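Structure, as structure tokens:
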Amino acid sequence: MCALPSTSPDLSCRIAGVRLRSPLVLASGIWGTSPSLLVRAARSGAGAVTAKTCTPEPRRGHRNPSAVDWGHGLLNAMGLPNPGAEEEVSLLRTAAKALAPLGVPLIASISADTVKDFGAAAALVAQAEPSLIEVNISCPNVQAEHGEMFASSARSAAAVTAAVKASTSIPCIVKLSPNVPDIAAIARAVVAEGADAITAINTMPGMLVDAESGMPVLANRSGGISGAALKPIALRCVHEIAAAVSVPIIGTGGVLTGTDAVEMISAGAACVGVGTAIVGRGAEAFSFILEELTVWLRERGYASLDQIRGRTQRPCSPSVTNRPPIPGTHVS
Amino acid sequence: MCALPSTSPDLSCRIAGVRLRSPLVLASGIWGTSPSLLVRAARSGAGAVTAKTCTPEPRRGHRNPSAVDWGHGLLNAMGLPNPGAEEEVSLLRTAAKALAPLGVPLIASISADTVKDFGAAAALVAQAEPSLIEVNISCPNVQAEHGEMFASSARSAAAVTAAVKASTSIPCIVKLSPNVPDIAAIARAVVAEGADAITAINTMPGMLVDAESGMPVLANRSGGISGAALKPIALRCVHEIAAAVSVPIIGTGGVLTGTDAVEMISAGAACVGVGTAIVGRGAEAFSFILEELTVWLRERGYASLDQIRGRTQRPCSPSVTNRPPIPGTHVS
Amino acid sequence: MSGAPREAACQHVAARIVEKTQENARTVMLALDAALECIPGQFAMLWLPGVDEKPFSIAGADPLSFAISRVGPFSERVHALEPGDRIWIRGPFGAGFSAAPGRALLVGGGYGAAPLAFLARALLACGGKVDAALGARGVGDLLFVKRFRDLGAAVHVATEDGSAGMRGRVTDVVRPLLRAGGIDRLHACGPEAMLDALASLCTETGTPAELSYEAYMRCGVGICGSCEHNERLVCRDGPVFTIPTGHASGS
Amino acid sequence: MSGAPREAACQHVAARIVEKTQENARTVMLALDAALECIPGQFAMLWLPGVDEKPFSIAGADPLSFAISRVGPFSERVHALEPGDRIWIRGPFGAGFSAAPGRALLVGGGYGAAPLAFLARALLACGGKVDAALGARGVGDLLFVKRFRDLGAAVHVATEDGSAGMRGRVTDVVRPLLRAGGIDRLHACGPEAMLDALASLCTETGTPAELSYEAYMRCGVGICGSCEHNERLVCRDGPVFTIPTGHASGS
Ligand SMILES: Cc1cc2nc3c(=O)[nH]c(=O)nc-3n(C[C@H](O)[C@H](O)[C@H](O)COP(=O)(O)OP(=O)(O)OC[C@H]3O[C@@H](n4cnc5c(N)ncnc54)[C@H](O)[C@@H]3O)c2cc1C
Ligand SMILES: Cc1cc2nc3c(=O)[nH]c(=O)nc-3n(C[C@H](O)[C@H](O)[C@H](O)COP(=O)(O)OP(=O)(O)OC[C@H]3O[C@@H](n4cnc5c(N)ncnc54)[C@H](O)[C@@H]3O)c2cc1C
Ligand SMILES: Cc1cc2nc3c(=O)[nH]c(=O)nc-3n(C[C@H](O)[C@H](O)[C@H](O)COP(=O)(O)O)c2cc1C
Ligand SMILES: Cc1cc2nc3c(=O)[nH]c(=O)nc-3n(C[C@H](O)[C@H](O)[C@H](O)COP(=O)(O)O)c2cc1C
Ligand code: FES
Ligand code: FES
């Protein structure tokens with residue numbers, strides 16, 4: 001072990017020209033768009049906060065049960081409850097004002113049922129002048145026009161990106177979904193249309209069943225998996241996207257500890273989304289994770305996040321050792 | 001609670017005309033194709049056993065680490081080590097002979113890099129006269145001709161199915177992958193080409209990162225998630241497939257207990273694949289799960305699995321209660 | 001050693017109703033055959049598969065009980081259940097009341113009394129003294145008067161229509177009690193307007209207080225933000241909040 | 001209370017080498033700064049990221065130690081490490097030896113002695129007596145002669161080339177010991193041929209035995225079937241098997 005350097009490591013990072021003093025980003029949908037709760041996340045240590053996804057029209061969301069802790073994370077189908085993009089603008093304005101003195105940028109989040117409406121929603125929330133706009137094409141709990149998420153194909157993901165880019169000059173982040181065969185291809189498609197950053201990933205579709213009643217646990221039957229069970233899926237997606245494109249990635253999914261954040265940045269993330277950690281660690285999750293990350297870096301003498309970013313991309317030397325034997329050939 | 005009926009519930013089920021005395025199926029890749037280990041699974045309570053996937057040529061598989069228990073299941077990239085289809089035929093023959101007196105059918109499993117080779121592999125293993133042939137188009141640890149799994153698209157999945165069906169009259173089961181936007185569409189495509197049953201699901205692609213070295217933990221970098229973390233993904237896939245097609249489904253993924261088996265059958269599975277349970281519960285996992293399932297059914301007065309199958313498909317009455325309020329509108 | 005993996009603490013448990021008691025015109029008490037490790041003031045989610053899931057205060061731990069007032073479609077469905085029927089629960093959620101010796105005044109508005117008899121037993125068990133002030137619109141909404149009397153508490157009643165006790169609001173009976181002094185702590189649960197009035201009274205008289213709030217709940221685990229009340233999450237920071245600090249109390 | 005979630009028992013831990021001791025011509029003993037709760041006969045996987053991961057017997061628990069013989073590319077890489085360097089471990093895996101009082105004969109072939117000094121300490125601690133029979137091709141492959149002597153064990157040595165002890169195989173020194181009687185139990189680890197010969201000897205003389213086998217390991221957790229040996233999984237049912245039953249021993 002080397003002696004601890006007296007200076008703290010530099011935890012700042014950048015997304016599309018926006019500087020974050022901490023790499024932890026409040027994930028969309030966590031704590032809604034309540035300005036006071038967004039401020040609470042910022043005070044706890046979030047370097048940026050993402051508002052709840054809003055849609056052109058208000059949505060009531062699904063009935064309960066809408067979120068269940070199943071022991072390996074959370075399964076949720078909130079159903080995007082939100083007051084609609086117009087009302088959202090005033091919430092975002094209030095939030096941005098409260099966040100400014102803290103130096104914490106606000107990320108708006110939008111979703112819609114059609115490509116055109118995505119553009120309109122972007123133009124609308126842009127009025128509140130958020131630092132960034134996240135384009136949620138990957139919510140598993142709402143249906144798009146063709147019955148599939150826009151994040152399902154490179155073509156539809158690109159179309160949404162183009163519509164949003166044409167509607168606003170605020171940098172935009174496209175949020176991708178894990179349940180596709182080749183997430184890198186989707187990433188390339190949205191970057192080709194001008195996406196300034198990528199959030200990877202949204203939840204993975206899943207279902208829980210209550211054995212006694214034989215009913216799905218969620219009122220919406222299926223929902224999205226987040227938390228611990230999502231981490232290896234997210235790490236794999238981030239690793240693949242980082243190898244395919246060069247825009248910054250908000251690595252999101254199952255980051256519960258400082259070590260998880262190290263792993264996510266090692267896989268190539270510019271910064272790290274945090275959501276479900278709050279269920280296990282409470283509202284102070286950000287400060288805990290930030291402290292753990294700081295100690296981890298300091299103990300190992302790292303001065304900045306750049307020094308650990310993308311390490312999973314390094315080539316390894318598999319020819320060093322003998323190859324495994326062919327199995328089964330000796331079986332009697 | 002009702003009094004326990006004196007008779008045991010009927011645990012038998014059918015896949016494509018083949019009768020299983022127990023609904024538990026040893027999943028492919030567990031314990032390889034060693035005849036003595038397949039017999040061990042049968043003795044422990046498996047109603048059918050699936051051999052390790054074989055490929056036209058022998059494969060050494062990947063270096064270690066090739067399987068890691070990460071606390072929420074297993075991540076593995078064995079890399080399909082197998083002695084090749086020709087050698088496999090003699091292993092399958094030995095296994096089938098040993099299993100016959102136990103009344104436990106043998107399921108062969110094949111994979112290949114091209115549609116044509118799938119057909120050839122099917123014809124080859126058919127020589128050993130397994131009761132069923134499982135077509136593994138969903139191994140995340142090998143690459144197909146076009147760089148994607150055959151299970152990734154309805155078109156390629158259907159092509160493989162057609163090739164296999166043309167090569168053998170043994171009923172075939174197609175094994176699907178969860179990382180697609182719409183698994184029901186793939187299921188419909190393979191059933192249209194004559195698939196006699198479906199196994200859902202294979203592992204979900206994921207990656208673990210070692211924070212200290214910044215390296216992926218698996219020698220193959222990414223691998224497949226199985227066990228606890230996979231269960232809600234598998235339940236959702238089985239539910240969606242059962243709603244789309246009427247062939248039997250071997251519901252596979254994260255079944256660790258008798259209650260898990262109940263949930264899987266409730267989601268529409270004809271029978272239940274078991275793999276990673278062995279890591280936590282040992283070689284006797286089958287007998288434990290079978291006993292738990294039996295007790296569960298008996299305590300509730302169910303006489304057979306038919307009485308609990310597909311309960312998640314029942315309509316619910318969401319209009320009974322008031323809809324949730326639109327959020328955010330009262331925020332100060 | 002069958003090595004069966006443990007279940008998550010917060011997944012649903014299918015409980016069976018073992019007893020159903022009519023408490024007032026619109027409230028039944030359900031005793032269940034399940035157990036939750038909990039303290040007074042915490043709540044659970046009650047689920048009827050295919051119908052809905054709603055939050056209810058834990059009204060007793062042994063047996064696990066809930067006092068359910070019929071106010072709408074879900075509570076109506078629950079009222080239709082009989083002993084032997086199933087109801088699904090998960091919990092406990094939230095921060096409860098703290099139990100300390102001294103003289104405590106428990107203030108319940110309508111079905112807000114639900115967690116307070118449970119709390120009274122905990123207070124008495126740790127050597128405290130209990131007064132209860134119960135308010136409602138009319139006698140048909142008054143909850144737990146007999147239960148508190150049976151516990152030996154002094155019970156002060158107010159109804160808006162004067163059908164029982166003093167005519168007026170529960171704050172009208174609380175005010176003189178607080179001003180008279182001798183109350184070490186106030187614990188209350190009920191409608192927001194009542195809680196806000198009590199908060200002013202407690203601030204005025206310097207009485208430490210724990211107030212249990214309601215809010216519309218979705219996730220119940222502090223992540224969705226649906227239950228925000230004055231910058232705090234009722235499901236997680238609360239439902240019990242202390243004044244004047246506004247911080248969560250209990251464990 | 002930062003509420004940090006627990007890590008899985010079987011994930012890799014990055015350990016640091018604190019001591020490196022040359023034990024014979026091709027074997028080094030590495031002491032690490034990590035801890036594993038384990039018993040003698042269990043093994044761990046040693047991982048060098050980007051290189052490979054291989055199974056090694058735990059040669060001591062305090063400090064956690066491994067005796068590594070240089071036989072190929074991976075063990076060569078491990079030999080190149082120095083104190084202060086990192087090596088990754090996960091485990092323990094498998095079923096170990098059982099420790100009981102009485103007179104035990106420990107038989108090691110080559111680096112098969114690796115778990116036996118650890119076992120000797122456990123046997124002595126529970127009141128047992130220990131004889132050791134160590135065999136190797138030549139003196140350069142003999143392992144732990146001094147360690148066993150330092151523990152007070154009677155040490156019997158055989159080398160095929162006669163460069164130390166009796167010329168011959170270790171079974172040649174074991175045979176008379178077993179036939180003479182007085183050995184309550186035999187524990188052995190080494191090449192399969194040695195173990196099979198010992199199994200016959202033990203059956204012949206009615207000596208209960210625990211034999212530790214090797215096999216090519218992939219998963220290490222009993223799921224892939226790679227390590228099957230006589231219908232059993234070496235990584236999980238073994239590596240220690242009892243004869244004549246063939247069942248796993250230890251905990
Ligand atoms: C922490 C907490 C503890 C509670 N404890 C009790 C109790 O012990 N006994 C009891 O009878 N009631 C209790 N309630 C209120 C109970 O949740 C509602 O009465 C119930 O949800 C009404 O459902 P409904 O379909 O019958 O009526 P609805 O027509 O849906 O609603 C009637 C009223 O209840 C409110 N409400 C509806 N759903 C919720 C929800 N998910 N969360 C909060 N409020 C809601 C509505 O805003 C409306 O004012 C508690 C609420 C909370 C938040
Ligand atoms: C349960 C167990 C305990 C062991 N304990 C020790 C020990 O304490 N000290 C020690 O020096 N060695 C031990 N070994 C053997 C050790 O794993 C091999 O020496 C090592 O893997 C060789 O790797 P290599 O690249 O240096 O040589 P290679 O050239 O890869 O192999 C040399 C020899 O080791 C065998 N081998 C290679 N990989 C494995 C594997 N994954 N599992 C089993 N055998 C393998 C090969 O078949 C070959 O015979 C143990 C093996 C097992 C199974
Ligand atoms: C309760 C809940 C609500 C969510 N709502 C949204 C949302 O509105 N928009 C969105 O893009 N993602 C939403 N998500 C997904 C998260 O932003 C995040 O991508 C996911 O939870 C994975 O991160 P985690 O494991 O840290 O929670 C939601 C997640 C949860 C748990
Ligand atoms: C070590 C291991 C090896 C596997 N090998 C194969 C294989 O060869 N062919 C295949 O179709 N599936 C293979 N699988 C996937 C399983 O058959 C099964 O679909 C998956 O593990 C989910 O089930 P589980 O959660 O019960 O393990 C393998 C899984 C594991 C853990
Ligand atoms: S109900 Fe979701 S945060 Fe409280
Ligand atoms: S190494 Fe995989 S079963 Fe033993």
Side-chain angles (χ1 to χ4, degrees), chain B residues 26-27 29-41 43 51-52 60-82 98 208-219 221 223 226-228 274-283 285, chain D residues 4-16 33-34 44-56 72-74 77 85-95 215-238 246-248:
Chain B
L26 177 73
I30 313 306
W31 291 348
T33 307
S34 155
S36 68
L37 293 173
L38 296 177
V39 166
R40 188 170 172 181
R43 288 234 168 83
K52 171 84 188 167
R60 294 176 178 273
H62 300 308
R63 287 186 178 73
N64 275 346
S66 55
V68 182
D69 180 348
W70 57 291
H72 304 279
L74 214 60
L75 185 77
N76 93 81
M78 309 309 299
L80 286 189
N82 78 88
L208 290 170
V209 175
D210 173 64
E212 292 301 335
S213 61
M215 297 287 284
V217 174
L218 295 183
R221 295 179 193 247
S226 63
V274 174
T276 305
I278 287 169
V279 175
R281 309 191 73 180
Chain D
R6 282 166 311 143
E7 298 287 309
C10 272
Q11 281 190 271
H12 292 94
V13 171
R16 226 172 262 280
D33 68 355
M45 299 294 257
L46 298 191
W47 178 40
L48 294 178
V51 181
D52 210 330
E53 187 200 42
K54 300 273 184 173
F56 291 87
F74 180 77
R77 280 292 200 111
D85 286 344
R86 280 232 152 104
I87 188 160
W88 281 249
I89 57 169
R90 60 180 174 133
F93 296 102
Y216 190 80
M217 285 186 191
R218 296 176 197 260
C219 76
V221 293
I223 198 170
C224 76
S226 164
C227 65
E228 193 217 357
H229 179 84
N230 290 336
E231 319 197 355
R232 311 232 132 229
L233 301 165
V234 172
C235 72
R236 178 108 184 202
D237 301 323
H247 278 92

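We use all heavy atoms of the structure for the numbers below, so side chains are in, but hydrogens, waters and symmetry mates are not. If you're wondering where the values come from, they're calculated on a predicted model, not measured in any experiment. Residue numbers begin at 1 in each chain, while the letters A, B, ... track the order of the sequences.
- Comparing D:Met217, D:Arg218, D:Met45, D:His12 by how many heavy-atom pairs each has under 4.5 Å with chain B, the most go to D:Arg218.
- Rounded to the nearest 0.5 Å, atoms CH2 (D:Trp47) and CE (B:Met215) are 7.0 Å apart.
- In terms of heavy-atom pairs under 4.5 Å with chain D, the best-connected choice from B:Leu37, B:Leu208, B:Leu74, B:Val39 is B:Leu37.
- The CZ atom of D:Arg236 sits 8.5 Å away from the CD1 atom of B:Ile278 when rounded to the nearest 0.5 Å.
- Atom CH2 of residue B:Trp31 and atom SG of residue D:Cys227 lie 11.0 Å apart, to the nearest 0.5 angstrom.
- Not a single donor-acceptor pair under 3.5 Å links the side chain of B:Asn64 to the backbone N or O of D:Pro55.
- Counting heavy-atom neighbours within 6.0 Å of B:Arg43 CZ, excluding the residue itself, gives a total of 12 or less.
- The shortest heavy-atom contact between D:Gln11 and B:Asp69 is CG-O, 3.4 Å.
- Minimum heavy-atom separation, B:Met78 to D:Cys219: CE-N, 4.3 Å.
- Across all non-hydrogen atoms, the minimal contact from B:Thr276 to D:Ile223 is CA-CD1, 3.7 Å.
- With rounding to the nearest 0.5 Å, the separation of CG in D:Asp237 from CZ in B:Arg40 is 4.0 Å.
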